[in-house]
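Here the structure is laid out as structure tokens; the discussion comes afterwards.
In what follows, every heavy atom counts, from backbone to side chain, and hydrogens, waters and symmetry copies are set aside. Chain A is the first sequence line, chain B the second, and so forth, proteins listed ahead of strands; every chain is numbered from 1. Note that this is a predicted model, so its numbers are computed, not measured.
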Amino acid sequence: MVNDELRELLDGFVSESLDSLDDNEIKIANLENSDNEDDLKSLFRVFHTLKGLSGFFELKVINKVTHNAESLLDQFRENPRPLPQETIDLLYKVFDFLQTVIVSVSQDFTDEAYQRQAAGLIDLIIQKENEFLSELDSTGNSDFDTATASNENATQAADLTSTIEAFNNISNSFEAISSQKLSGKPVHELVLMIEDIKSRPPVSTNSEIIEILESTLMILTAMADGDVEPEEDIFIIVASDLAILKDFLNNSDSNSDENPEENSEIPDAEQVEIAASEPMAEAAAEPVEQKPAATPTLASQKLPDTKAAAAAISKPQIVRKDIRVSTDKLDSLFNIVGEMITIETMLINSKDLQGLSLPNFNITANMLNKLTRELQEITMSIRMIPLEALFNKMNRLIRDISRKMNKHVDLEIFGQETEMDKNVIEEISDPLVHMLRNALDHGIEDPAERIKSGKPETGKVKLGAAYQGNEIHIVVEDDGAGLNREKLLNKAIDRGMVKAGGADMSDEDVWQLIFEPGLSTAKEVTDISGRGVGMDVVRKNIDKIRGSIDIQSKSGKGTKITFRIPLTLAIMDAMILRVGNEKYAMPILSVMESFQANDSDISITMDGVEIVKVRGELFPVVRLAELMNSQSDFHEIFRGILLKIKSGDKSICLLVDEILDQAQAVVKPLSKYIGDVGGVTGCMVMPDGKIGLILDADSLIEKSTIMSEKILELAN
Amino acid sequence: MKILVLEDERISREVIKQIMLEYGDVETSVDGTEALELYKKSVAEGAKYDLVCLDIMVPGIDGQQVLREIRDFEERDKSAGLKQRSKVVMISALSDRDNLFSAFTEGQAEAYIFKPFTKKKIKDTLSNIGLIG
């Protein structure tokens, strides 16, 4: 896997896990007084999820701790009862420990540094589980000696028992390896087991034993890697090392049995600490306790180790670069910023101030204006995220599909840094998958077919994004077979979507047919595409975010599909226009230029369409007054102002009476009961406090074309 | 060990099946809806799968959905404790955050393997989730 990809996922793991720990910590406390099944279940799920994810990211420490915690909780799940105070405290400790480790993972990308602390914690968990089991077992006939041991000795005894158990496993595994002269995986597993026992008390605090085990590990690792043959003399060395370890553990065992009184006070302190779970005390103990213990007595060595573990578990300093905020809050922030900008404009243009000379006020007003603009930009950017993650996902998809279909495809990605509103990205994800699947399935030909038509064997698919004016264009382009006009038309006629003939349909209109429900031209239906299901969904999704789809296709050359997505324009710069008594706003990004025409540049075509010549090019003139059914100041075009606006490859010149101002338009959608008003995106509060309509270049142009066609029809 | 493999692509299916045959009896399915039915049938017959391997992009309901339905089913089946639950390993080419995290959080999957995978990866994963020694 690409490193960046893993890192990105790991970042996700860190923030999601920390959130989930935060969210669920409260549930630990709930368990104290009742055996609330739901809370137990959620905690269980938290551990299970973390266990799975840590396994995926190969974070062994987290994996082990969560595994044990999960198994402890499972006991309570199967035998419902309130959790004892000590278990509650332990769960808090586990949560704190996990938070610390996860935070460190975000920087180190591994959790290895916490192996020792984890071992101490795991022993505590196992001990609690054993205690629980022995409580259940009313006969007192428990499998675990530790559970019946006195409270004072419990911690150490549990340490030792689990370490001896681990040693027995090592010894068994080694016996199997040496008797059958195994190599490879079993040896590798033995290495892991020895690594594990190294981190367990009392082994972990004895440097002599650790040194011996290090050399054992070197031999075994070489053997696991195949660098050393599994020979008799090597087994003898390892066997002697393990014998030393065995003696050491036996000694520790009798040691703690012989001198129970010597230790009795210290573990007691440990118990108190668990019960109190006072992070401050632990933190204070840290500097002293974390020094490696040099005391030779085994019994006293155990304690510092467990204590160090407890100390390291003190509340972590969580450094988070992101926080999660509900979208509701963001929406209100948007609205408030919008209102603020409106009020600011109204304030500065207040009628009371007109005609006054206010130099100081103007300076302050300018500063306020600058600040509100910055505020607006930041507010807008909160919801914007780069397309990179989405595109990366597609990368993997292409690889998988091309393999499934035995086609060779190179994917070229550009513009992945382009930022888009998060909600919009979610909406275009499915359409994009559809388009890419189609490009591979219908577009790119089989390698043999490609060679026959003189193309390179490997097909090319481009996926990219770019800003275009007030839109973002997302492009899927392939160099495949292209769309087949005849096939598409025939199919559409078959299904009754198009009236017979269709010869007068433009290519662009024919291509758009692919988005009609139930139309598919694939030779056979595959599981990838060709069911004709989904393409209509593509258009629905794009419509939902007020986008549009352009298709360009050349038979034999390929297809280019462009999603044109409007930027989220809740607030935009606009020109304030006047026609008669009405005021309108036109987004500045839609306006190419504004000018007053000379009478000599204006003419009327034979169809009765007024046109204006601008630098040698002819553009139709559209009177806004006519489109909006309002009254203009004058009839002559040259008296008014012409705004050249553009949509796609069509441009028109819009005639208005006057340009009044430039302002920040805060778009308010029109109420639904008004219905679909052509040429308008919404309304806004004008600088004078009155309501005005915001014009939409695209639909204005569309509307004017329809009107001129109607005029033509009438004329004919 | 009883194993169910959901994978619609022939070659992957064969490969996974061959690897899994080392550890137990393998049944395969090419369709999510069918796989879920197989799972339910196995529960009804009292011989649950120990391991379920799910591809995500498959005909019928997708692998994530199969996983969630299996867990819902187990949730309703009160007798099933942790140890009786089927372990689920997702094997998919989808490597995005959403799919990965939803498999573990909503789906409570045991493991997730990205395609292309190696035999070793599968073995390591099975050993990591405690299915093999």
(message) Measuring only between side-chain heavy atoms, which start at C-beta, is N63(A) closer than 4.5 Å to N128(B)?
(response)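 Yes, close enough: below the 4.5 Å cut-off.
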(request) Answer whether the closest heavy-atom distance between the side chains of F101(B) and L53(A) falls below 4.5 Å. (result)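 The answer is yes; the side chains approach within 4.5 Å.
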(request) Verify whether one side chain among E16(A) and T105(B) offers a donor that lies under 3.5 Å from an acceptor in the other. (result)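 No, because no side-chain N or O of E16(A) sits under 3.5 Å from a partner of the opposite role on T105(B).
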(request) Without swapping roles, check the side chain of R45(A) against the backbone of E106(B) for a donor-acceptor pair under 3.5 Å. (result)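 Yes; judged by distance alone, with no hydrogens or angles, the pair exists.
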Side chain, backbone, both or neither: which part of [X] has a non-hydrogen atom closer than 4.5 Å to chain A?
X       : value
S127(B) : side chain
T125(B) : neither
A111(B) : neither

(message) With a 6.0 Å cut-off on the ring centroids, do F56(A) and F114(B) count as close?
(response)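 Yes, the ring centres sit under 6.0 Å apart.
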Should we say atom [atom1] of [X] is surrounded by more than 12 heavy atoms from elsewhere, each under 6.0 Å from it?
X       : atom1 : value
E426(A) : CD    : yes
K407(A) : NZ    : yes
D23(A)  : CG    : yes
E22(B)  : CD    : yes
K17(B)  : NZ    : no

(request) Mind listing the closest non-hydrogen atom pair of R97(B) and S15(A) along with its distance? (result)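 Closest approach of R97(B) to S15(A), heavy atoms only: NH2-OG, 3.7 Å.
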(message) Rounded at 0.5 Å granularity, tell me how far CG in L390(A) sits from CG in D98(B).
(response)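 L390(A) CG to D98(B) CG: 10.0 Å, rounded to 0.5 Å.
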(message) Between K121(B) and E58(A), is the salt bridge (Lys or Arg N to Asp or Glu O under 4.0 Å) condition met? List the steps.
(response) CA-CA 12 Å; K121(B) 181 81 208 169; E58(A) 292 174 11; 3.7 Å; yes
(message) So that I can tick it off, tell me whether E110(B) and K51(A) are bridged by a salt bridge, with the cut-off set at under 4.0 angstrom between side-chain N and carboxylate O.
(response)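 A salt bridge is absent here (no side-chain N lies under 4.0 Å from a carboxylate O).
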(message) Counting only non-hydrogen atoms closer than 4.5 Å, does F57(A) touch chain B with its backbone (N, CA, C, O), its side chain (CB onward), both, or neither?
(response)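 Interface part for F57(A): side chain.
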